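See structure below.
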Amino acid sequence: MRSTSSVMGFVLVMTTVVSLLLAFLQNGLKSRHDANEALYSKKATLGAIADHLGLDYTKISDQQVEDIFANKIKQFVVKQDGNLVSKEDVAALGYKDGVATSVDMAKEHKKGDDKMLPLYVYTKDDGKKYYILYARGKGLWDEIWGCVALEDDFNTIAGVSFDHKAETPGLGAEIKDNKAWVKQFTGKKIYDGTTFKAVNVRKGGAKDPVYEVDGISGATITGDGVTAMLEDYLVDYEPYLKTLK
Amino acid sequence: MADVAVVEPKKEAIKFGKKERALLTDPLDDNNPITVQVLGICSALAVTTGMKNAAVMAVAVVFVCLFANVITSALRKSIPKQVRMIVQLVIIATLVTVVELVLKAYAFESYKQLSVFIGLIITNCIVMGRLEAFAMGNRPYESALDGLGNGIGYGIILLIVAFFREFFGKGEIFGVKIIGAAPEYMINTLESTWFGWYAGNNLMVLFPSAMFVIAVLIWAHRAWNPKLVDIS
């Protein structure tokens, strides 16, 4: 048996060595981590217009993602009051280059009505425009978020992509993994005339062919979260999109 | 001949004899961590939907198993007995964090897909079991062989299970289409006729199928290796 002080000494030295090692590693790899995260979220954004990219989205390369973002997508940052936020103002908040892709939505989400909203406008080769909006909310365990692409009538959904932090695989995580479920959103509308309706994820199956999609069995709360975040966010873009009409 | 120095092999010399080979090969067959000891089942169920993920996981476990064994063994005389489990855990957790950070930097897709399961290597009973049962009482060299053997023994089973699940579930191997519905870009080409006759069995993609596959593997393993059959 070793004395208590020698045990304490061993533990102290061990923890110091380990924490220093991990800290150095974390710092050294940070730039690569950030680059990967940024690319991943760009790719997720493109997921909303996967059907309109003119290439196989499941096999898209990193370079293709960067090319599309550089050549075919214009990005803006808007506010709920319908005003564009200038690059300088966005950069002043600490977001790199003041572009929409670098806006940290987890942080903005907490600001409530004062948040900044990223908007991506994708121009297809034939000149048709798609508007990709962002939404964020709560699932069952943690945050969920996603992108909704609207056609140029600002009403019809051209595609969506969702992601989540910690939903249950096979149940809540289906909002990301189940491509057939995600596909249901395509063609749905978010306005009835001029009244905002969003899209409702309905437990027990969609009753309305235009404004509802089927829920996922065993993932009612995650589904409700999707409904809530779409209701929350899509309407925020309305004032700005109106100026484009 | 008196001036020729005869070097007696040291008692602790590093050699690769029968005993050492057994350390490496036993976990592959007679003492396989999954099919014989039935350890590490949790991750064997979870990450075997595709061979790519299984391969990444196997490499990660081999790495953690090998280095955790070597480090623990090197420190075995200075690790205080009272806190040895905690020290082992810290060693494993550190290595797993290193794996996680490296994957996040260089294999981001796999990192996203494996997500929580990389962290769960910490609780993989194979690693902890080898540290406590072997590395605490043996030299680093033998411990390295033991860690390598157990990691590979785990990895092989993982890859076999993943092969059956991916092949029959999605008709793919390492993400390359082998059988099943033709991918969209091939429709109306000559190649598309090679595929169409098989529809992917969705059950194989879901977790329960891993249990069936592992159970059949255990059965097959025992039928093939009579040493494992317990006649009592």
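Note that the structure is predicted; figures quoted are calculated from it, not measured. In what follows, every chain begins at residue 1, and chains take the letters A, B, ... in the order their sequences are listed.
- Residues of residues 88-103 of chain B that come closer than 4.5 Å to chain A, counting heavy atoms only, are Val90(B), Thr94(B), Thr97(B), Val98(B), Leu101(B), Val102(B), ordered by residue number.
- The CD atom of Gln82(B) sits 7.5 Å away from atom OG of Ser6(A), with the distance rounded to the nearest 0.5 Å.
- Within a 6.0 Å sphere centred on NZ of Lys124(A), other residues, nucleotides and ligands contribute more than 12 heavy atoms.
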Please tabulate, for side-chain N and O atoms in residues 10-25 of chain A, each donor-acceptor pair with protein atoms closer than 3.5 Å (sequence neighbours left out).
from     : atom 1 : to       : atom 2 : distance (Å)
Thr15(A) : OG1    : Val11(A) : O      : 2.8
Thr15(A) : OG1    : Leu12(A) : O      : 2.9
Thr16(A) : OG1    : Leu12(A) : O      : 2.6
Ser19(A) : OG     : Thr15(A) : O      : 2.7
Ser19(A) : OG     : Thr16(A) : O      : 3.1

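- Put simply, the side chain of Leu29(A) reaches to within 4.5 Å of the side chain of Tyr106(B), judged on heavy atoms.
- Contacts between Lys43(A) and chain B at a heavy-atom distance below 4.5 Å involve the side chain alone, from C-beta outward.
- Glu172(B) pairs by the salt bridge (charged side-chain N to carboxylate O under 4.0 Å, His left out) definition with nothing, not counting sequence neighbours.
- Both the backbone and the side chain of Ile79(B) come within less than 4.5 Å of a heavy atom of chain A.
- Here the side chain of Asn36(A) pairs no donor or acceptor atom with the backbone of Phe108(B) at under 3.5 angstrom.
- Residues meeting the ring pair (Phe, Tyr, Trp, His ring centres under 6.0 Å) test with Phe134(B), sequence neighbours left out: none.
- By the 6.0 Å contact criterion, CD1 on Ile156(B) is enclosed, its count of non-hydrogen atoms from other residues, nucleotides or ligands being greater than 12.
- Around the NZ atom of Lys189(A), the shell of radius 6.0 Å holds more than 12 heavy atoms that belong to other residues, nucleotides or ligands.
- The closest side-chain heavy-atom distance from Glu37(A) to Lys104(B) is below 4.5 Å.
- The environment of Lys183(A) atom NZ is sparse: at most 12 non-hydrogen atoms of other residues, nucleotides or ligands sit within 6.0 angstrom.
- Applying the 6.0 Å contact sphere to NZ of Lys81(B) captures no more than 12 heavy atoms from other residues, nucleotides or ligands.
- A 6.0 Å sphere centred on NZ of Lys128(A) holds more than 12 heavy atoms belonging to other residues, nucleotides or ligands.
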